[in-house]
Amino acid sequence: TIDTMTDAISVFDSLNVKDAGANRQMVAFAPSAPIMYTLTSHYQLIAYNYQTKTITRGYQTIGYPLHHMVISKTGNYMYFANGPAFDLARDSVVGLIPSLNGTYNGSLALSGDGQYLYLTDPAKYMILEPPPSGKIEVFQTETNTLVGLINVDSATARPNVLTDRIVILPERKRAYVSDFGANVFVIDLKSNQVIDSIHFVAYAILTGPLAMGRR
């Protein structure tokens with residue numbers, strides 16, 4: 001725990017968190033409780049109370065080589081990229097969030113009202129097969145079903161565009177999606193279309209660790 005006024009570490013604890021390399025979403029925070037969720041090296045989901053500094057619950061072993069997860073707006077469900085939709089209260093799988101390529105590296109984001117879940121497709125990064133699909137999947141969280149695809153390829157001059165990190169603006173109308181290396185795509189979430197793109201010098205920076213600031 002870091003004191004944001006002094007930048008000093010005020011509490012230090014150690015947890016058995018799985019290090020999967022591309023694991024930018026290996027930790028999720030409950031929206032209305034002092035609880036942090038993460039996966040252990042054995043792919044067991046655990047709940048950690050960061051006020052009492054104790055592990056409060058260990059869930060069933062998920063059994064997937066999962067990297068990325070995001071918690072629902074209500075705090076009741078956890079969604080895993082190319083894995084289950086998981087009921088946290090009942091400790092049970094209630095649906096599946098499959099990726100187009102069957103890979104676990106996709107990043108997740110929820111719409112502002114929590115009704116839709118978005119999953120990107122970076123494929124396997126430096127491995128050529130399978131290539132990225134150039135699309136972003138859209139799931140309805142009420143039914144955990146695929147309800148649409150956002151075609152990023154259609155907005156570029158090249159096929160098989162890699163879609164990596166995704167963040168959604170608080171006003172819920174737009175999303176920003178990186179291709180990891182040189183571009184960030186701006187997506188209108190009402191039409192599910194790419195409406196703009198931001199270009200950088202190729203690989204002068206990496207757009208994978210994408211985050212949204214607030215003014």
### Query
When you look at Phe80 and Leu45, which way does the side-chain contact (heavy atoms from CB on, under 4.5 Å) test go after all the steps?
CA-CA 11 Å; Phe80 295 88; Leu45 181 66; 4.3 Å; yes
### Summary
Of Val70, Ile150, Leu110, Leu108, the one forming a side-chain contact (heavy atoms from CB on, under 4.5 Å) with Tyr118 is Ile150
#### Entry: Among Ile166, Ile168, Leu169, the one residue meeting side-chain contact (heavy atoms from CB on, under 4.5 Å) with Tyr176
Leu169
### Message
Quick check against the 3.5 Å criterion: does Asn49 have a side-chain atom that pairs as donor or acceptor with the backbone of Thr54?
### Response
no
### Summary
One should read off an interatomic distance between Ser72 OG and Leu88 CG, to the nearest 0.5 angstrom, of 7.0 Å
#### Entry: Nearest-0.5 Å distance, NZ of residue Lys173 to OG of residue Ser111
14.5 Å
### Apart from Met5 itself, residues in the same hydrophobic cluster as defined by side-chain heavy atoms under 4.5 Å
none
4.5 Å side-chain heavy-atom contact, [X] and [Y]:
{"X": "Asn76", "Y": "Asp87", "answer": "no"}
{"X": "Ser107", "Y": "Asp164", "answer": "yes"}
{"X": "Val93", "Y": "Gln60", "answer": "yes"}
{"X": "Phe185", "Y": "Asp179", "answer": "yes"}
{"X": "Tyr37", "Y": "Met78", "answer": "yes"}
{"X": "Lys73", "Y": "Gln115", "answer": "no"}

### Query
Please walk me through it: do Asn192 and Val138 pass side-chain contact (heavy atoms from CB on, under 4.5 Å)?
CA-CA 9 Å; Asn192 281 344; Val138 185; 4.1 Å; yes
### Task
Answer with yes or no whether the side chains of Ser133 and Asp121 bring together a donor and an acceptor at under 3.5 Å.
yes
Using every non-hydrogen atom in the two residues, find where [X] and [Y] come nearest and quote the distance to one decimal.
{"X": "Pro122", "Y": "Gly106", "result": "CD-CA, 3.5 Å"}
{"X": "Met69", "Y": "Met26", "result": "CE-O, 3.1 Å"}
{"X": "Asp153", "Y": "Asn151", "result": "N-OD1, 3.0 Å"}

### Query
Are Val152 and Ile136 close enough, and set up right, to give a side-chain contact (heavy atoms from CB on, under 4.5 Å), and what steps lead you there?
CA-CA 7 Å; Val152 181; Ile136 299 167; 3.9 Å; yes
#### Entry: With Tyr59 via ring pair (Phe, Tyr, Trp, His ring centres under 6.0 Å) - residues at least two apart
Phe86
### Task
Mind running side-chain contact (heavy atoms from CB on, under 4.5 Å) on Leu119 and Ser99 for me, showing each step along the way?
CA-CA 7 Å; Leu119 175 61; Ser99 72; 4.0 Å; yes
Side chains of residues 10-17: which donor-acceptor pairs under 3.5 Å do they make with residues two or more places apart or in other chains?
from, atom 1, to, atom 2, distance (Å)
Ser10, OG, Thr1, O, 3.1
Asp13, OD2, Tyr48, OH, 2.6
Asn16, OD1, Ser41, OG, 3.3
Asn16, ND2, Ser41, OG, 3.2

